[in-house]
Novice: 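So that we are looking at the same thing, I have put the structure below in structure tokens.
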Amino acid sequence: MSAEPDGPEDRLRRLTTIWSRAVFPVTSTSLTRPEFEERLLPLARRLSDALRARAFDAGAGEEVGAGLVHAHCTAPEALSRSLDCVDAYLVLYCGEDGPQEDLRARSSRLQHAMAAGFARALRERTLAEQEAIAQAALRAQGVVAQALHASEARFRAVFEGAAIGIGIADLEGNVLQVNGALLRMFGGSEQSMRSRNVRDWTHAEDAPQVWRLYEELVAGEREHYHVEKAFSRPDGTVLWTNLTVSLLRDADGNPQYQLALMEDTTERRLLNLRLRYEATHDALTGLPNRTLFFERLEKALNAGEGQRFGLCYLDLDGFKTINDSLGHAAGDRLLVEVADRLQACATAPGEMVARLGGDEFVALTTGPDTEREVDELAARIMNALLAPVRIEGRELTVRGSVGVVEGPVGERSAAEVLRSADITMYRAKSAGGNRFELADPEADARAITRHGLTTALPAALDRGEFFIEYQPLVHLGDGSVRGAEALVRWLHPQHGVLGPDRFIPLAEHTGLIVPLGRWVMEQSVRQAREWRELHGDGTEGPLRINVNLSPCQLTHPRLVQDTVDILERTGVTPDALCLEVTESALIGADDDLLKPLRRLAEMGVDIALDDFGTGYSNLANLRRLPVSVLKLDRSFTQGMQRFPADPVDLKIVEGIVALAHSLDLAVTVEGVETGAQAEQLRILGCDTAQGWYYARPGPPDRLHELALADATG
């Protein structure tokens, strides 16, 4: 029989054993190694639980780091070995079957938390030791003669046995005494240390206030200070410390000595630098990531007067296709190659390249003359993408769209600059891609307004901010009103009344056009019922309502059912409704697309082909379309507004009208603005017309007044 697989507890035990063997040799403890292993077991279990928890808890890692200090693992090497053990084995033994990438990321964050918890606990212990040492030193100086020997013995025990470095110097800075821990930190002999003066230990990394605080202390103006300070070792390496310096006074309160307590933080500093690098650089390309880029950009935007900045925002064209066709590994190799090329483009002082995520990169340049430099940088980026990339035996063409923003610092925030660059990049992509565009404040404002309108659309429909205006359809033979076209408007709280050209494309893009179109149809059909109730059917035919149908609505599966439901709810017959579909939406339409229109036409709903003449469709295709009305685009009749009319326009319109009538189609003309134009269209045989010559779009009452005037005229 095969052996039973290890359970979670067995794997946890195995991790703890490895951990204890790594750390025990550098731990000052009276425990045996098995006893020490039992001391580590709860800490390992805490890490295992935190690795697999639903939400990340940095406190767990901090508790484990503090637990190491409480277990007397205070040597820097104990922390380093613990972190190496957690990095190598925590996910392996405790990750079970979870997503490896996420688990490793969480393991890295736990290591960071462990280091922080270790540092905090060690600092608290160090401060406690410092306080005890300082008190012992003061007592040693102030005790009475008969207790001097005992006090000095106690002080010597604390001085020599302390885990932190201790040094005593006079007020001139001459080193008088050092303990063993301090000698081990510096790697020198006691004689070489005692020959030094405190003022000789300057370092290039010293903060400006370090030596000012020192001078204040030896002058008796402060009792102590605490700083982070670097020291140069005899072997040329750097020792980083948490340094606390205290002033010791004699029995009369006069300054006499200075006491320095040092904690070696070199290993912890290197670990923090490594974790900082990982947190601010992209793991795939090695470039600075979004976090570091924003830090640099904000710093650049807060530079002094007279400084400028330039930013190039790059998005690769068609990158998703590469991922989908060749796989993510090929996509990653392409991103690495692009990153290397971009890095070579930005080598001058004040320039940097970063990866924001996915296939988005950004290049930044700063200085007094970025107006010229950013154009050159954008050109270098585009040239760098020209050469194809060879991956898995294929040569891939790399294309990119770049948005360029340039200007003086101090006028915009980092978020505003990046938003402008993003908008400009998409403008370059909309223009065909493989190019760069310069930011345009007016274009940015339009894009931001479009975005605001897009996000406000759903709530606007719920709040009833839309309303409908009606433009009458007039019979050219007798001038009677035969119906109206419904034109939706948006009464926006900030922008006022918006025409359909401002929001219909946005509604189509977001899919809101379907509920909005359904609402327009229902409101318009209800209005048609009210007109019919006011006027009756009459001898000239009933008033009809024309409603525009977008391509999105045309392909919606509930178009026919929604139309039927609206007609039944309002009690209106189908012949009162005409749906207008643009010619371009029906170019090349197959039977599946035409099927709902045919069903509606069979019910008695009229279908009008709107903007006829702009779609370049084959006129012979009219026979297969279920339309009963052609709406001739205004571009064909503009030449008739002047006298004499353009003879070419007359011939074209005459031919279209003849063709339409031969197919039993009625002809409606849009954009009629003069009486001469209306008369000429009547002579050519057009059936109905609409335009400002008759009336502008308005409220339903105006159409009622026009129809009433016709009936009584």
Novice: So do the side chains of L516 and W490 get within less than 4.5 Å of each other, counting heavy atoms only?
Specialist: no
Novice: Under the 3.5 angstrom rule, does the side chain of D422 hit a backbone N or O of L418 as a donor-acceptor pair?
Specialist: no
Novice: Ignoring hydrogens and geometry, is there a side-chain-to-backbone donor-acceptor pair from D324 to T321 under 3.5 Å?
Specialist: no
Novice: Any side-chain donor paired with an acceptor under 3.5 Å for S48 and R52?
Specialist: yes
Novice: Is a donor on one side and an acceptor on the other found under 3.5 Å between the side chain of S550 and the backbone of Q553?
Specialist: yes
Novice: Got a second to check how far L15's CG is from R45's CZ, nearest 0.5 Å?
Specialist: 11.0 Å
Novice: Mind checking whether F466 and W519 have parallel, tilted or perpendicular rings, split at 30° and 60°?
Specialist: tilted
Novice: Atom CG of L457 and atom CD1 of I513: how far apart are they, to the nearest 0.5 Å?
Specialist: 9.0 Å
Novice: Indicate the ring-plane relationship of H281 and Y277, choosing parallel, tilted or perpendicular according to the 30° and 60° boundaries.
Specialist: parallel
Novice: Output the distance between atom CG (L275) and atom OG1 (T280), rounded to the nearest 0.5 Å.
Specialist: 10.5 Å
Novice: Heavy-atom count around H509 NE2 within 6.0 Å, excluding the residue itself: above 12?
Specialist: no
Novice: State, yes or no, whether a side-chain contact exists between Y93 and L12 at a heavy-atom distance under 4.5 Å.
Specialist: no
Novice: Just so I know, are the side chains of L292 and N289 near enough to count as touching, which here means a heavy-atom distance under 4.5 Å?
Specialist: yes
Novice: For the side chain of T74 and the backbone of V69, is there at least one donor-acceptor N/O pair under 3.5 Å apart?
Specialist: no
Novice: Quick check: do W240 and E205 have side-chain heavy atoms less than 4.5 Å from each other?
Specialist: yes
Novice: When you compare the side chain of T424 with that of Y313, does any pair of heavy atoms fall below 4.5 Å?
Specialist: no
Novice: If you apply the rule salt bridge (Lys or Arg N to Asp or Glu O under 4.0 Å), what do you find for E337 with R333, and how did you get there?
Specialist: CA-CA 6 Å; E337 174 64 23; R333 289 177 60 187; over 6 Å; no
Novice: Evaluate the criterion side chain to side chain contact (heavy atoms under 4.5 Å, CB included) for residue pair D87 and D84; output intermediate values, then yes/no.
Specialist: CA-CA 5 Å; D87 184 61; D84 289 342; 5.6 Å; no
Novice: So, do L271 and S80 sit near enough that their side-chain heavy atoms are less than 4.5 Å apart?
Specialist: no
Novice: Say whether, by atom type as modelled, one donor and one acceptor occur between the side chain of S108 and the main chain of R104 under 3.5 angstrom.
Specialist: no
Novice: Quick one: do L386 and M382 satisfy side chain to side chain contact (heavy atoms under 4.5 Å, CB included)? Show the steps, please.
Specialist: CA-CA 7 Å; L386 288 176; M382 298 306 297; over 6 Å; no
Novice: Can you measure from CD (Q111) to SG (C85) and round to the nearest 0.5 angstrom?
Specialist: 10.0 Å
Novice: For R109, does the CZ atom sit with more than 12 other heavy atoms under 6.0 Å from it, leaving out its own atoms?
Specialist: no
Novice: Taking the side chain as everything from C-beta on, heavy atoms only, tell me whether H495 gets closer than 4.5 Å to L453.
Specialist: yes
Novice: Does CZ in R123 sit with more than 12 non-hydrogen atoms of other residues, nucleotides or ligands closer than 6.0 Å?
Specialist: yes
Novice: Under 3.5 Å, side-chain donor or acceptor atoms of residues 393-407 against the rest of the protein: list the pairs with distances, not counting sequence neighbours.
Specialist:
from, atom 1, to, atom 2, distance (Å)
R399, NH2, G432, O, 3.0
S401, OG, D317, OD1, 2.8
S401, OG, D317, OD2, 3.3
E406, OE1, R308, NH2, 3.0
E406, OE2, R308, NE, 2.7
E406, OE2, R308, NH2, 3.3
E406, OE2, T370, OG1, 2.7
E406, OE2, E371, N, 3.4

Novice: Using the side chain to side chain contact (heavy atoms under 4.5 Å, CB included) rule, take L335 and L316 through it: C-alpha gap first, then chi angles, then the decisive distance, then the call.
Specialist: CA-CA 9 Å; L335 291 174; L316 300 183; 4.1 Å; yes
Novice: Going through the distances and angles, do L297 and L311 end up as a side chain to side chain contact (heavy atoms under 4.5 Å, CB included)?
Specialist: CA-CA 9 Å; L297 180 58; L311 186 147; 4.2 Å; yes
Novice: Are the side chains of L301 and S413 in contact, using a 4.5 Å heavy-atom criterion?
Specialist: no
Novice: Does a donor on one side chain and an acceptor on the other come within less than 3.5 Å for R233 and T237?
Specialist: yes
Novice: Who are the side-chain contact (heavy atoms from CB on, under 4.5 Å) partners of E351, not counting sequence neighbours?
Specialist: A346, A348, T365, R380
Novice: Check for a donor-acceptor pair, side chain of T454 on one end and backbone N or O of L506 on the other, with a separation under 3.5 Å.
Specialist: no
Novice: Can you measure from CG (L314) to CZ (F436) and round to the nearest 0.5 angstrom?
Specialist: 12.5 Å
Novice: How long is the span from the CZ atom in R427 to the CZ atom in R435, to the nearest 0.5 Å?
Specialist: 9.5 Å
Novice: Indicate yes or no for a side-chain donor-acceptor contact from R412 to the backbone of V417 under 3.5 Å, with no hydrogens or angles considered.
Specialist: no
Novice: Before accepting this row, confirm whether a basic side-chain N of the pair K299/E295 lies closer than 4.0 Å to the acidic partner's carboxylate O.
Specialist: no
Novice: Can you give the donor-acceptor pairs under 3.5 Å from side chains of residues 352-359 to other protein atoms, not counting sequence neighbours?
Specialist:
from, atom 1, to, atom 2, distance (Å)
R355, NE, G358, O, 3.0
R355, NH1, D282, OD1, 3.1
R355, NH1, D282, OD2, 3.0
R355, NH2, G358, O, 2.9

